[in-house]
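Everything below concerns the one structure shown next.
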Number of protein chains: 2
Amino acid sequence: MINIIIADDHQLFRDGMKALISSQPDFLIIGSVGTGQELMDALERDTLPDIVLLDLSMPVMDGFEVLRQVKGKFRSVRFIVISMHEDGIYISKCVRSGAHGYLLKNTDNEELFTALRRVYSGEKYFNDEIKELMIQNLALEGNDYRPLTDRESEVLQHVSQGKTTKEIASILFVSIRTVETHRANMMKKLDVQNTAELISKATQLRLI
Amino acid sequence: MINIIIADDHQLFRDGMKALISSQPDFLIIGSVGTGQELMDALERDTLPDIVLLDLSMPVMDGFEVLRQVKGKFRSVRFIVISMHEDGIYISKCVRSGAHGYLLKNTDNEELFTALRRVYSGEKYFNDEIKELMIQNLALEGNDYRPLTDRESEVLQHVSQGKTTKEIASILFVSIRTVETHRANMMKKLDVQNTAELISKATQLRLI
DNA sequence: ATGAGTATCCGTATTTATACGGATGCCCAT
DNA sequence: ATGGGCATCCGTATAAATACGGATACTCAT
């Protein structure tokens, strides 16, 4: 019997999920919580589930924070993220944070069951579409991805708003050469040829 | 009694919605369909509902196509779009296509009921968040928004990939001046100062 | 004490973008 | 026949970006 907790701030969703999952003989819903804090409390206090179905966008303590706090703590519990976000960056972030699976909220029933069973048996579950999104995101990041510094981010923000190097220098009270250097460094970090590609890529990477 | 049809390709969602809506004494689910075509057939054949809860991303005939086909046809039926997409462009497109309301799939129960009642009584229903997203999109479009021509879009694509005017001229077998003119015209249409802002705005407007 | 990273700034040069106009020809709707 | 929109191309000029290096000083971890 696979013990499952559902963590999502919408009762409708939890109820629907509970009804669906309970229809299968090998699944048992042992908890249904509406906040990250409730989930943490349940994990500390009660019988540990085999799997947590975890929404990302919960108030106060979101899914990412939950993953961060449980990291290395409840090792026997596996987390399948369920999210509306079909964005490679969210998915990559979840995978890095230790998620064992990722499903979109419009996943169909059979796939949900398959995911639950696969993750229960020790595998990770990411379907082809999810994999493709992750690959796209990693390809965007490139081989030697280094994050932008605070100043670079600031300059990038101004550039994306259409300001010239001269204008940015004036706003930040620095030399034109300083801004030029920051622009050049960003272009190197993101491996792009010019400003158009910089803005394009930075947008895709959610740096703007 | 408010008669309602639910149109969504995921049975779990339809079932959950049906259970929730049926819990209210003034609502009656008179149909539950999984495709746009089924919805069209139901509207042609059966008693018309007062309201259709319409998912956007259905296979073959999506929600936009449904709205387009019903435009001016079933005038007494009101459409509330239910979508995962919290994107001003989707929302604006729905409103332009005649939707009477727009809800995100993580809307809470009470708000769903409110929306159904308001739309039934002749109002439109868009909450503050949805309105804000629309406003942002309209602000982006600006005052005298004109769409890009095919050639402009083609040039824009190349520009966003980091190509210079010279390179684009070579690829398209036209003069450098031609590409220069296209770039200048796009910048005028989108009311931006330079290429960085062009790419930034075009991305937000989903032109790239 | 040392080294790496960050932020700052420089000289010189070339390439690219942008701006100010202007023009012709084709297609299509009126 | 006419006019508007689109795609094409031009001369001249300035502004901006990019590129090739180089440099100093501060902070923080080792």
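Throughout, a chain's letter reflects where its sequence line sits, starting with A, and its residues are numbered from 1.
A close approach under 4.0 Å does occur between a side-chain nitrogen or oxygen of R151(A) and OP1 or OP2 of dT8(C). Applying the 4.0 Å criterion to OP1 and OP2 of dA7(C), one finds that T181(A) has every side-chain N and O outside that range.
For residues 27-40 of chain A, the pairs satisfying side-chain hydrogen bond (donor to acceptor under 3.5 Å, both in side chains) are R14(A)-S32(A), Q37(A)-D41(A), with sequence neighbours left out. The side-chain hydrogen bond (donor to acceptor under 3.5 Å, both in side chains) pairs that include a residue from residues 196-208 of chain B are D87(B)-R206(B), where partners are two or more places apart or lie in different chains. Residue pairs meeting the ring-ring contact (aromatic ring centres under 6.0 Å, His included) criterion with at least one member in residues 64-85 of chain A, sequence neighbours excluded, are H85(A)-Y90(A).
Using a distance-only test at 3.5 Å, with no hydrogens or angles considered, no donor-acceptor pair links the side chain of T107(A) to the main chain of L103(A).
With a cutoff of under 4.0 Å to any heavy atom of chain B, the contacted region of DNA chain D is bounded 5' to 3' by dC6(D) to dT12(D).
Shown here are the side-chain contact (heavy atoms from CB on, under 4.5 Å) partners of K18(B), two or more places apart in sequence or in another chain: I6(B), S22(B), I29(B). Evaluation of the salt bridge (charged side-chain N to carboxylate O under 4.0 Å, His left out) rule for E65(B) yields R68(B) as partners, not counting sequence neighbours. With sequence neighbours excluded, no residue satisfies salt bridge (charged side-chain N to carboxylate O under 4.0 Å, His left out) with R75(B). By the salt bridge (charged side-chain N to carboxylate O under 4.0 Å, His left out) test, R151(A) is found to be paired with E154(A), residues two or more places apart in sequence or in another chain being considered. Take Q193(A) and apply the side-chain hydrogen bond (donor to acceptor under 3.5 Å, both in side chains) test, not counting sequence neighbours, and it matches no residue.
For DNA chain C, none of the residues of residues 200-208 of chain B falls under the heavy-atom distance limit of 4.0 Å. Of the residues in residues 155-180 of chain A, V174(A), S175(A), R177(A), T178(A) come within less than 4.0 Å of DNA chain C through at least one heavy atom, sorted by number.
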Please determine whether side-chain contact (heavy atoms from CB on, under 4.5 Å) holds for the pair L104(B) and M84(B), giving the CA-CA distance in whole Å, both sets of side-chain angles, and the decisive distance to 0.1 Å.
CA-CA 6 Å; L104(B) 289 171; M84(B) 278 179 28; over 6 Å; no

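Results of the salt bridge (Lys or Arg N to Asp or Glu O under 4.0 Å) test with E141(A) over R96(A), K93(A), R146(A), K189(A) single out R96(A) as the only residue that passes. Of the candidates T165(B), T178(B), N194(B), R183(B) forms a side-chain hydrogen bond (donor to acceptor under 3.5 Å, both in side chains) with just one, namely T165(B).
Taking atom NZ of residue K188(A) and atom C1' of nucleotide dT6(C), one finds them 15 Å apart after rounding to whole Å. In this structure, the NZ atom of K189(A) is 10 Å from the P atom of dG5(C), given to the nearest Å. Protein atom CD1 of I199(B) is 11 Å distant from nucleotide atom P of dA17(C), rounded to whole Å. For the pair H182(B) NE2 and dA17(C) P, the interatomic distance rounds to 15 Å; values are reported in whole Å.
A donor and an acceptor atom, one from each side chain of H158(B) and K163(B), are located under 3.5 Å apart.
Using five terminal pairs a side, the axes of the helix from dA1(C)-dT30(D) to dT30(C)-dA1(D) at its two ends make an angle of 50°, given in steps of 10 degrees.
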